[in-house]
Amino acid sequence: MSSLGKLRVAVIGAGAAGLCAARHLLSRPDTFAPPVVYELTKYIGGTWVYEEKVGSYDNGLPIHSSMYRDLRTNIPKEVMSFPDFPFAKHLPSFVHHTEVRKYLEQYCDHFRLWDHIQFGTSVASVSPVDVKGGWNGLAWNVTTDNGVDHSKSTTERFDAVMVCNGHFYDPYIPAIPGLEKFKGFPFLILHNTFLLLQRMLMHSHDYRSAEPLAGKSVVLLGAGLSGLDICMELSNVDAKVILSHGQRPLTCPLPPGVQQAPPVTSVLDDGTLEFKNGERAQPEVFLFCTGYNFTFPFLDKKVGVNVQEHLVWPLYKFLIPPAYPSLFIVGICRAICPFPHFHVQTKFILSVLDGSFCLPSREDMEKDVELDIAARHARGIATRHILKLDSEQWAYNDELARLGGFKPLPRYWSNLYESNKVFRARDMLNYKTHNYTVLDNMEWKVHDLHGQELQKPLAVKKQM
């Protein structure tokens with residue numbers, strides 16, 4: 001604890017989750033000392049910082065950004081914002097990524113977060129220490145490296161650590177038999193004014209714009225939101241795209257030049273791709289839109305946080321390792337509305353630390369995690385999809401608010417978000433032309449590009 005008896009909390013990462021953590025810790029000077037936020041780069045914003053370069057920076061550190069040049073949000077700003085800090089009213093509902101970055105900078109300005117962020121600082125290790133009289137008998141040593149060559153090492157002690165390091169930077173490449181035999185054709189790409197020779201096997205992490213793939217034949221593996229976005233961008237530059245995925249076939253109109261196929265199951269000796277139905281293709285480009293790995297290289301092994309088949313466990317309420325309850329892994333759930341999700345998780349974490357929510361015993365938390373995973377398996381959810389909350393996020397958010405004793409998200413939030421999902425599934429080509437207006441805690445309306453009010457989807461209406 002700080003000399004004033006206030007809890008010292010370290011926050012790892014100054015992306016949206018880390019900034020949200022800092023904002024709420026600063027709002028409680030009665031209980032918490034000002035937080036220390038460690039940020040690897042020179043910027044706030046995490047995944048929302050566009051970096052044209054791919055690969056590594058000049059200092060050898062990997063480029064974390066997976067942002068592509070023309071990305072616009074796929075969630076309306078009305079529910080994408082932090083609940084206590086709306087986006088500017090004049091903006092359309094679906095904003096360009098530069099507006100999100102600007103929004104996060106304004107959030108930093110408004111809540112005066114800048115002075116609490118240590119930029120250019122890499123977290124080398126986070127280790128638990130037994131401390132009599134510490135919060136739950138624990139404290140944490142956080143060792144960081146900074147300086148130009150990250151050679152200056154410093155260790156500081158904290159009562160709690162909030163890990164907000166994101167999970168959109170370490171590409172996941174599925175194990176496809178024969179993948180090393182894929183022989184694409186090299187092509188020239190204009191990149192930072194230099195012509196570079198690129199191989200044709202790539203992950204969306206290194207995708208920045210469609211022009212270098214103009215007119216190419218592409219097999220794009222994965223029909224998540226970035227896969228669909230990129231497939232539309234490629235269609236606009238006359239690429240011939242096979243959208244390969246394991247979901248039910250999409251029923252909405254597809255962009256010109258795009259067809260669907262089942263997943264790629266193997267690469268043959270001559271580099272041909274074979275799909276699950278036995279059909280084959282010989283594309284010039286094999287593009288993986290297959291998501292990312294979770295990685296926490298700085299966490300002491302004895303903390304026992306495991307990553308297995310895209311599941312991070314054991315974590316009580318997807319947040320807290322039962323054996324070390326002053327460590328919090330924030331924002332690992334997928335298919336969620338991220339900023340409000342971070343807001344709810346952070347408020348819950350503060351209720352744990354200030355004692356307003358009394359955590360169950362270690363054994364009870366471990367049992368809770370086991371039962372939760374077993375229940376999801378029983379419903380047919382594969383381990384790799386357990387963190388994919390999707391429509392279950394609303395019950396999860398409400399439960400954290402109930403346990404933590406704070407206000408849940410306004411009622412319109414889930415309904416508007418779920419309705420946008422329906423509009424997207426019906427018409428992936430045009431749903432981003434819609435504009436939403438929130439009328440009150442319950443009600444909202446939506447207009448098309450021409451200002452015509454649209455009917456709310458019936459299935460979602462019933463949830464209200």
Side-chain angles (χ1 to χ4, degrees), residues 66 68 74 168 170-187 189 198-210 212-293 309-311 334-335 380-388 390 421 424-429:
S66 299
Y68 38 99
N74 49 54
F168 291 115
D170 183 26
Y172 167 67
I173 307 277
I176 297 173
L179 185 58
E180 71 286 351
K181 294 168 186 159
F182 178 72
K183 300 177 183 74
F185 306 98
F187 72 108
I189 174 174
Q198 292 269 77
R199 280 204 61 215
M200 299 307 294
L201 187 66
M202 67 185 290
H203 189 279
S204 57
H205 174 63
D206 294 324
Y207 173 88
R208 293 296 181 262
S209 61
L213 304 181
K216 301 281 175 195
S217 57
V218 181
V219 167
L220 189 156
L221 183 62
L225 294 176
S226 63
L228 296 178
D229 250 8
I230 291 170
C231 141
M232 286 190 278
E233 290 196 3
L234 294 177
S235 167
N236 291 335
V237 294
D238 298 321
K240 301 289 171 278
V241 181
I242 296 176
L243 182 63
S244 162
H245 63 95
Q247 302 171 24
R248 271 184 255 163
L250 299 168
T251 53
C252 62
L254 295 174
V258 175
Q259 53 178 302
Q260 295 182 79
V264 174
T265 50
S266 64
V267 181
L268 307 181
D269 286 345
D270 65 353
T272 300
L273 306 185
E274 186 165 69
F275 300 98
K276 196 174 182 179
N277 60 2
E279 290 184 9
R280 296 175 180 180
Q282 286 188 312
E284 294 165 275
V285 183
F286 190 10
L287 174 54
F288 288 88
C289 293
T290 45
Y292 296 86
N293 297 307
E309 291 182 68
H310 297 291
L311 175 65
R334 297 182 298 124
I381 298 170
T383 298
R384 70 180 189 278
H385 292 317
I386 282 175
L387 288 174
K388 195 175 176 184
D390 205 1
K421 263 171 42 186
R424 182 168 63 222
R426 282 183 196 162
D427 187 359
M428 70 186 234
L429 304 179

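The first residue in the sequence is number 1, and the count goes up from there. Remember, predicted model here, so these are calculated numbers, not experimental data. No hydrogens, no waters, no symmetry mates; every other heavy atom, side chains included, goes into these values.
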Run the side-chain contact (heavy atoms from CB on, under 4.5 Å) check on His310 and Asn293 step by step: do they pass?
CA-CA 7 Å; His310 297 291; Asn293 297 307; 4.0 Å; yes

Intermediate values then yes/no, side-chain contact (heavy atoms from CB on, under 4.5 Å), His203 and Tyr292:
CA-CA 10 Å; His203 189 279; Tyr292 296 86; 3.7 Å; yes

Go through the steps for Asp427 and Cys252 under the test side-chain contact (heavy atoms from CB on, under 4.5 Å), then give the verdict.
CA-CA 6 Å; Asp427 187 359; Cys252 62; 5.7 Å; no

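Looking at heavy atoms from C-beta onward, Leu228 lies out of side-chain contact with Asn74 at the 4.5 angstrom threshold. Contact check for Tyr68 versus Ser204: no side-chain heavy atoms found under the 4.5 Å cut-off.
Although no hydrogens or angles enter the test, the distance criterion places no donor-acceptor pair under 3.5 Å between the side chain of Thr290 and the main chain of Ile173. Looking only at distances, a side-chain donor or acceptor of Ser244 sits under 3.5 Å from a matching main-chain atom of Pro262. Between the side chain of Gln260 and the backbone N or O of Leu250 there is at least one donor-acceptor pair closer than 3.5 Å.
In this structure, the separation between CG on Leu287 and NZ on Lys216 is 14.0 Å, given to the nearest 0.5 Å. A distance of 8.5 Å separates NZ in Lys276 from OG1 in Thr265, rounded to the nearest 0.5 Å. Between atom CG of residue Asp206 and atom CZ of residue Phe288 there is a gap of 12.5 Å, rounded to the nearest 0.5 Å. Distance CG/Asp270 to CD/Gln282: 5.5 Å, rounded to 0.5 Å. Separating the SG atom in Cys231 from the CD atom in Gln259 is a distance of 11.0 Å, to the nearest 0.5 Å. If you take CZ on Phe286 and OG on Ser217, they are separated by 12.5 Å, rounding to the nearest 0.5 Å.
Shown here for Pro263 and His245, the closest heavy-atom pair between the two residues is CD-O, 3.3 Å. When all heavy atoms are compared, the tightest approach of Pro212 to Ser209 is CD-O, 3.4 Å. Taking both residues in full, the closest heavy atoms of Met428 and Pro253 are given as CG-O, 4.1 Å, listed atom of the first, atom of the second, then distance. Counting all heavy atoms, side chain and backbone alike, Leu429 lies closest to Pro255 at CD2-CG, 3.6 Å. Taking every heavy atom of both residues into account, Val219 and Pro283 meet most closely at CG2-CG, 3.6 Å. Closest approach of Leu273 to Phe182, counting heavy atoms only: CD2-CD1, 3.7 Å.
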Output a table of donor-acceptor pairs, distance under 3.5 Å, between side-chain atoms of residues 233-243 and any protein atom two or more places apart or on a different chain; print 'none' if there are none.
| unit_1 | atom_1 | unit_2 | atom_2 | d |
| --- | --- | --- | --- | --- |
| Glu233 | OE1 | Tyr207 | OH | 2.6 |
| Ser235 | OG | Pro256 | O | 2.7 |
| Asn236 | ND2 | Met232 | O | 3.4 |
| Lys240 | NZ | Asp238 | O | 3.4 |

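With respect to Arg384 and Glu309, no salt bridge is recorded, no charged nitrogen being found less than 4.0 Å from a carboxylate O.
Atom CD of Glu279 is surrounded by 12 or fewer heavy atoms from other residues, nucleotides or ligands within 6.0 Å. Heavy atoms of other residues, nucleotides or ligands lying less than 6.0 angstrom from NZ of Lys421 number more than 12.
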